[in-house]
Amino acid sequence: MTVRVRFAPSPTGYLHVGGARTALYNWLFARSKGGTFLLRSDDTDTERSTPRYAADILDGLRWLELDWDEGIEVGGPHAPYRQSQRLERYRQVAFELVAAGWAYWSLADPDALDRWRKEAREQGRAPAYDGSLEPPPEEVERRLAAGERATVRFRVPRPGRTEFTDVVRGDMSFEHTQVEDFVVLRSNGTPTYHLASTVDDVDFGITHVIRGEDLLSSTPKHLLIARAMGARPPIYAHLSLLMGPDGKKLSKRHGDTAVAAFRAAGYLPEALVNYLALLGWSPGDEETIVSRDEMIRRFDLADVSKNPAIFDLDKLQWMNGVYIRAMSADEFVDRILPWVVEDLGREPTGDEQRILREIAPHVQERTKLLAEAAGQVRFLLVEEVDYDERSWSKVMKGDAPEALDGAISALSALEDWTVEAIESALRGMLERQGLSARKGLQPIRVAVSGSTVSPPLFESLAALGRRRTLDRLRRARDRLTG
RNA sequence: GGCCCCGUCGUCUAGCGGCCUAGGACGCUGGCCUCUCAAGCCAGUAGCGCCGGUUCGAAUCCGGUCGGGGCUACCA
């Protein structure tokens, strides 16, 4: 049997990291089994679905390089892959279900239903509607004939129970007294999630449904529908949910959880993928940095953790740094360029790009987020620096004038403007002035970079060039005198 | 309230009855390195929720309890 899995987001919100993880696990499973990964859009909620979110989801998946073999925008034998374009099919199935006695037209009064559920709850019973509020058949027929709108509800067999084996959770059993006669077709003729999703899974030949644990207790409904359709239901695997630092389900109040937000902040897709993969799955050994190929080779649903996982930004950030350091300097420059352009307000010149490449290795190892790098290299690309006032007042005192003067004269006399020459000139200066490197170099750093924190000084000066270095040293010296 | 899921360092996890004096990673602390900040290296910190049971032996099996989470819609 060839594995067929799907990621089926509802475009009622942007792609968030939880959804991305679900997509990733589906993708990994498909790739590790040589199966098909399919993308469809569960957009039956026309009220809340928007094209903007739909586009964001596709962007996010592409950015993460979770390519799909079949589905939205790539097509396939079961097209279309948007539920909003398959409405007739769901209606048809709903009618067939009614005709076969698996479902019925429901005219239960909504208010009465509310009261019924409330009472059930108060009496400690399951608030699962069992059809007892329906009018007699003759009345239903009459009102339907008169054009009254009704929902279609699935007739859950009671007594009874649904049992299944979840690949990550093991044997499950749900008593049907706990499962209500759920709506499959709304009174406006559109299908509910349960119907549309299950029909698609059946029609598209989905073999494994890998999704969030929030759908675990809906699984009996899906099994019931699939079996009523005469199909062999897919195998289910429910992933634990992602939590915020407070242990609650990850949501907006934990900050921006959108994949697009991570992208904008300068996270690398490969780092996010690596982190997400290990959030609920372990290759079994002590590896933390796992390549995509390695993941595919070793991924197994049986190794997926049942525990809910708290999203740890610190660890993601660390991992991002690991991936950044692993890049070549050229690649690093290419990847920070968009942020540099934004920061500068213009495209760097060829000369400036050369400077960037020169300093890249040194910036790279201090960068955790690509977005930060722009700020670290800015002083190399602008004509004049703005001093960070805290840095200034911290170091521009004591021996600072001597250090600056010494640097100006030592560097003016320099023949070769190279890292080595600059270093030996400045170290010679330190010795003459009797200054420690720690104390003597900081004023120079602030004068040139504007801050007490910068890439290594000698390399920075070499990249900056003689003219700008000396200009800045003199300007700082003047400012110091007042 | 009902049903369901889950419970190993603060966090992600390894562990499938003796290999556990519970391993790794992030974080945190200290040290080394050092021109700042990082990175790197070294060391340290900290955990089997609790109570019973099974067993020669339990983090591992069973029961209970407590705690956390999910679902309980004509949302998905």
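Just so we're on the same page: letters track the sequence lines, and every chain starts at 1.
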B:U55 to B:G49 separation - C1' atoms, rounded to the nearest Å: 23 Å
All heavy atoms of A:I206 vs all of A:V209, minimum pair found to be CG2-CG2, 4.0 Å
Under a 3.5 Å limit on both distances, the Watson-Crick or wobble mate of B:G40 is B:C32
Of B:C6, B:C4, B:A76, the nucleotide closest to the side chain of A:L216 is B:C4
Rounded to whole Å, the CD-P distance (A:E286 to B:G24) equals 7 Å
Applying the 3.5 Å cut-off to both distances, the Watson-Crick or G-U partner of B:G7 turns out to be B:C66
Pair up each side-chain donor or acceptor in residues 300-309 of chain A with any protein partner under 3.5 Å, not counting sequence neighbours, and list the distances.
from	atom 1	to	atom 2	distance (Å)
A:D300	OD1	A:A302	N	3.0
A:S305	OG	A:N307	N	3.0

Expressed as a whole number of Å, how far does the P atom of B:C26 sit from that of B:C35? 26 Å
Ordered by number, residues from residues 153-160 of chain A within less than 4.0 Å of RNA chain B (heavy atoms) are A:R153
query: P atom, B:U60 versus B:U8: distance in rounded Å?
result: 12 Å
By the Watson-Crick or G-U definition, both distances under 3.5 Å, B:A14 is matched with none
Applied to residues 147-160 of chain A, the side chain to side chain donor-acceptor pair (under 3.5 Å) test, sequence neighbours excluded, yields A:S106-A:R153, A:R143-A:E148, A:R158-A:D181
- [ ] Over 60° means perpendicular and under 30° means parallel, so classify the ring planes of A:Y53 and A:Y14, tilted if in between.
- [x] perpendicular
Here the pair of heavy atoms bringing A:I359 nearest to A:A463 is CD1-CB, 4.4 Å
Open item on the list: So, does A:N307 get its side chain near the phosphate of B:C5, meaning an N or O under 4.0 Å from OP1 or OP2?
Closed with: no
A:M319 CE to B:G24 P, in whole Å, measures 17 Å
Readout for nucleotides 37-50 of chain B: B = base within 4.0 Å of protein heavy atom, S = sugar-phosphate only, - = neither; 5' to 3' it is BBSS----------
Scoring nucleotides 58-63 of chain B by protein non-hydrogen atoms under 4.0 Å (B base, S sugar-phosphate only, - none) yields ------
Taking atom types as modelled, is there a side-chain donor on A:S451 or A:R378 under 3.5 Å from an acceptor on the other?
no
Rounded to whole Å, CD of A:E180 lies from C1' of B:U72 at a distance of 8 Å
**OP:** Go through the side-chain N and O atoms of A:Q92 and A:E96 and say whether any donor and acceptor fall under 3.5 Å apart.
**Re:** yes
Under 3.5 Å, which N/O atoms of the protein pair with N/O atoms of nucleotides 66-68 of chain B?
none

Side-chain contact check for A:S282: nearest option of B:C35, B:A14, B:A76 is B:A14
Looking only at B:A76, B:U36, B:C26, the nucleotide nearest the A:Q442 side chain is B:U36
* Separation between the P atoms of B:A22 and B:U29, rounded to whole Å -> 26 Å
Among the nucleotides B:C12, B:G69, B:U72, whichever has the atom closest to the side chain of A:R121 is B:U72
Reckon A:F174 touches a base, only the sugar-phosphate, or nothing at all at heavy-atom distances under 4.0 Å? sugar-phosphate
With a 4.0 Å cut-off, would you call A:R297 and A:E287 a salt bridge?
-> no
Here the distance between atom C1' of B:C5 and atom CG of A:D171, to the nearest Å, is 14 Å
Notebook entry, point to check: Is there a side-chain contact between A:L313 and A:F262 (heavy atoms, below 4.5 Å)?
Noted result: yes
Ranking A:S187 and A:G280 by the position along RNA chain B of their nearest nucleotide, the one closer to 5' is A:G280
Subject >> Presence of salt bridge, A:R40 and A:D201, under 4.0 angstrom >> reply: yes
For B:C12, does either OP1 or OP2 sit under 4.0 Å from a side-chain N or O belonging to A:T288? no
Nearest heavy-atom contact between A:G440 and A:A403 is O-CB, 3.5 Å
Winner on side-chain proximity to A:L241, out of B:C74, B:G70, B:C3, is B:G70
Among B:C74, B:G2, B:C12, the one nearest any side-chain atom of A:Q178 is B:G2
At 4.0 Å (heavy atoms only), tell me whether A:L215 reaches a base, stays on the sugar-phosphate, or touches nothing. base
Euclidean distance for C1', B:G27 against B:C12 (whole angstrom): 11 Å
Closest to the side chain of A:P127, out of B:C3, B:G69, B:G1, is B:G1
The answer to which of A:E175 and A:S240 contacts RNA chain B further toward the 5' end, by nearest nucleotide, is A:E175
Pair A:R115 + A:E119: basic N to acidic O under 4.0 Å:
no
Can you tell me, in whole Å, how much space there is between the P of B:C61 and that of B:G70? 26 Å
When rounded to whole Å, the CG to P distance for the pair A:D314 and B:A25 reads 16 Å
With P as the reference atom in both, quote the distance from B:C28 to B:C37 in angstrom, rounded to an integer. 15 Å
Worksheet item: Are OP1 or OP2 of B:A73 and a side-chain N or O of A:R117 less than 4.0 angstrom apart?
Response: yes
As its Watson-Crick or G-U partner within any shown strand, both distances under 3.5 Å, B:U55 has none
Hey, what's the ring geometry for A:F299 with A:F29, parallel, tilted or perpendicular (30° and 60° as the breaks)? perpendicular
Testing B:A14, B:C35, B:U72 for proximity to the side chain of A:E459, the answer is B:C35
Paired to B:G1 by Watson-Crick or G-U wobble criteria (both distances under 3.5 Å) is B:U72
Heavy atoms only, 4.0 Å cut-off, all strands: where does A:R169 land among base, sugar-phosphate and nothing? sugar-phosphate
Against the side chain of A:L441, the closest entry in B:C35, B:C4, B:C12 is B:C35
Whole-Å distance, A:D214 CG to B:A73 P, equals 15 Å
task = Please work out whether the ring planes of A:F182 and A:H194 are parallel, tilted or perpendicular, with thresholds of 30° and 60°.
result = perpendicular
A:R48 CZ to B:A73 C1', in whole Å, measures 11 Å
Salt-bridge test for A:D200 and A:R86: reply yes if a basic N is under 4.0 Å from a carboxylate O, no otherwise. yes
Can a donor-acceptor pair be found between the side chains of A:D43 and A:S84 at a distance below 3.5 Å? yes
Within the structure, does a side-chain N or O atom of A:S305 lie under 4.0 Å from either OP1 or OP2 of B:U13?
yes
### Query
Heavy atoms under 4.0 Å, any strand shown: does A:G284 hit a base, just sugar-phosphate, or nothing?
sugar-phosphate
- Would you indicate what A:T44 reaches in the nucleic acid, counting non-hydrogen atoms under 4.0 angstrom: base, sugar-phosphate, or nothing? sugar-phosphate
Minimal heavy-atom distance between A:R445 and A:P455, with the atoms involved, is NH1-O, 3.3 Å
Could A:R366 and A:E372 be called an ion pair, given the rule that one side-chain N must be under 4.0 Å from one carboxylate O? no
